[in-house]
Student: 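Pasting a structure below so you can have a look.
Scope of the values below: all heavy atoms of this structure, side chains included, with no hydrogens, waters or symmetry mates.
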Amino acid sequence: MVDVFSGRLLVDKDGRSVDPEEALQNKVVGLYFSAAWCAPCLDFTPLLCDFYTELREETEPPVPFEVVFISSDHSAEEMAGYMHAMHGGWLALPYHDPYKHDLKKKYNITAIPKLVIVKQTGEVITDKGRKQIRDKGLSCFRDWLEGADIFQNFSS
């Protein structure tokens with residue numbers, strides 16, 4: 001994941017810069033391609049928010065999962081409003097960062113919302129994160145974790 005966002009900064013809900021290397025290290029990452037103007041996005045975002053909150057805030061220790069929002073909003077203001085109104089405490093690629101176009105191309109994003117679950121290397125675990133959360137709820141995270149190879153260094 002560090003490779004994917006190398007040399008870039010992410011932002012939190014309040015617009016503060018976050019170092020992706022620190023924030024995403026040893027985590028399964030969901031790249032969330034979405035926008036405030038998109039009705040299916042507005043339908044799915046609360047589900048993702050609940051999923052994220054349960055994994056990150058209601059589990060001890062917090063589960064190694066992070067979401068990075070890649071906006072298709074029409075303006076920085078629209079993106080900020082959407083993040084404040086509906087998003088969990090996750091991170092985002094800044095609105096004006098042109099890298100979002102590269103990410104959409106790399107992960108073959110042709111429609112939104114799309115939740116692509118990736119390993120630390122940026123390799124895709126599944127591009128059906130949205131469907132899996134809807135169908136399986138929290139149990140899908142276990143499958144993602146197995147596919148992520150995060151804890152392979154701890155096994156003997």
Student: Starting from V29, can I reach L9 by hopping between I/L/V/M/F/W/Y residues whose side chains sit under 4.5 Å apart?
Tutor: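 No, separate clusters.
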Student: For D127 and Y107: C-alpha separation, side-chain torsions, deciding distance, then whether side chain to side chain contact (heavy atoms under 4.5 Å, CB included) applies.
Tutor: CA-CA 8 Å; D127 64 356; Y107 293 106; over 6 Å; no
Student: I'd like to know if the side chain of W37 and the backbone of S72 have a donor-acceptor N/O pair within less than 3.5 Å.
Tutor: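 Such a contact is found between W37 side chain and S72 backbone.
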Student: Between H87 and C49 (side chain of the first, backbone of the second, donor and acceptor by atom type, cut-off under 3.5 Å), is there such a pair?
Tutor: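 Such a contact is absent between H87 side chain and C49 backbone.
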Student: Between E78 and H74 (side chain of the first, backbone of the second, donor and acceptor by atom type, cut-off under 3.5 Å), is there such a pair?
Tutor: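 Side chain of E78 to backbone of H74, a donor-acceptor pair under 3.5 Å: yes, one is there.
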Student: Could you work out, with side chain to side chain contact (heavy atoms under 4.5 Å, CB included) as the rule, every residue matching A80, not counting sequence neighbours?
Tutor: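 For A80 there are no side chain to side chain contact (heavy atoms under 4.5 Å, CB included) partners, ignoring immediate neighbours.
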Student: Quick one: do the Y82 and S71 side chains pair a donor with an acceptor below 3.5 Å?
Tutor: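 Checked: Y82/S71 side chains show no N/O donor-acceptor pair below 3.5 Å.
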Student: About how many Å separate CG of L24 and CG of D19, when rounded to the nearest 0.5 Å?
Tutor: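 With rounding to 0.5 Å, CG (D19) is 8.5 Å from CG (L24).
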Student: Working to the nearest 0.5 Å, report the span between CD1 of I133 and CZ of F44.
Tutor: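 If I round to the nearest 0.5 Å, the distance is 4.0 Å.
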Student: Checking R56 side chain against F65 main chain: does a donor-acceptor pair fall under 3.5 Å?
Tutor: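 Flag set: sc R56 to bb F65 pair under 3.5 Å.
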Student: Could you report the tightest heavy-atom contact between P20 and L10, atom names first, then the distance?
Tutor: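 Closest approach of P20 to L10, heavy atoms only: CB-CD1, 3.8 Å.
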Student: Heavy atoms only: give me the nearest T45-S34 pair and the separation to one decimal.
Tutor: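 Minimum heavy-atom contact is OG1-OG, 4.0 Å.
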Student: Could you tell me if K100 sits above the aromatic ring of Y95, with its cationic atom closer than 6.0 Å to the ring centre and no more than 45 degrees from the axis?
Tutor: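 Verdict for Y95: a cation-pi partner in K100.
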Student: For a quick test of reading the model, state the closest non-hydrogen atom pair linking I70 to L93 and the distance between them.
Tutor: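 Heavy atoms only, the tightest pair is CD1-CB, 4.4 Å.
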Student: Mind checking the CD1-OH spacing from I112 to Y32? Nearest 0.5 Å is all I need.
Tutor: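 OH of Y32 is found 8.0 Å from CD1 of I112.
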Student: Closest heavy-atom contact between A36 and D73?
Tutor: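 Reported closest heavy-atom pair: N-OD1, 2.5 Å.
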Student: Quick one: does D14's side chain have a donor or acceptor within less than 3.5 Å of a partner on R16's backbone?
Tutor: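 Looks like no, no N/O pair under 3.5 Å.
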Student: Could you label the plane-to-plane angle of the F141 and W144 rings as parallel, tilted or perpendicular, counting under 30° as parallel and over 60° as perpendicular?
Tutor: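 If you compare the ring of F141 with that of W144, the planes turn out perpendicular.
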Student: Tell me whether I109 is reachable from L91 by hopping between hydrophobic residues (I, L, V, M, F, W, Y) whose side-chain heavy atoms are closer than 4.5 Å.
Tutor: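 Linked, L91 and I109 end up in one cluster.
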Student: Which atom names give the shortest non-hydrogen contact between K27 and E66, and what distance separates them?
Tutor: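 Minimum heavy-atom contact is CD-CB, 4.0 Å.
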Student: Run F69 and V11 through side chain to side chain contact (heavy atoms under 4.5 Å, CB included) and show every step you take.
Tutor: CA-CA 10 Å; F69 170 49; V11 292; over 6 Å; no
Student: Return the CZ to NZ distance between R130 and K114, rounded to the nearest 0.5 Å.
Tutor: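 Here the interatomic distance stands at 9.0 Å.
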Student: In chain order, what residues pass the side chain to side chain contact (heavy atoms under 4.5 Å, CB included) check against P46, with sequence neighbours excluded?
Tutor: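 If we apply the side chain to side chain contact (heavy atoms under 4.5 Å, CB included) test to P46, skipping adjacent residues, the hits are M86.
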Student: Can you confirm whether R8 is buried at CZ, in the sense that more than 12 heavy atoms of other residues, nucleotides or ligands lie under 6.0 Å from that atom?
Tutor: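 Counting other residues, nucleotides and ligands, CZ of R8 exceeds 12 neighbours.
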Student: Are the side chains of L115 and L48 in contact, using a 4.5 Å heavy-atom criterion?
Tutor: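 Heavy-atom side-chain distance check passes, below 4.5 Å.
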Student: Please report the closest heavy-atom contact between A148 and V28, naming both atoms and the distance.
Tutor: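 Residues A148 and V28, closest heavy atoms: CB-CG2, 3.7 Å.
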Student: Roughly how far, to the nearest 0.5 Å, is the CG atom of D143 from the CD1 atom of I117?
Tutor: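 Those atoms lie 11.5 Å apart.
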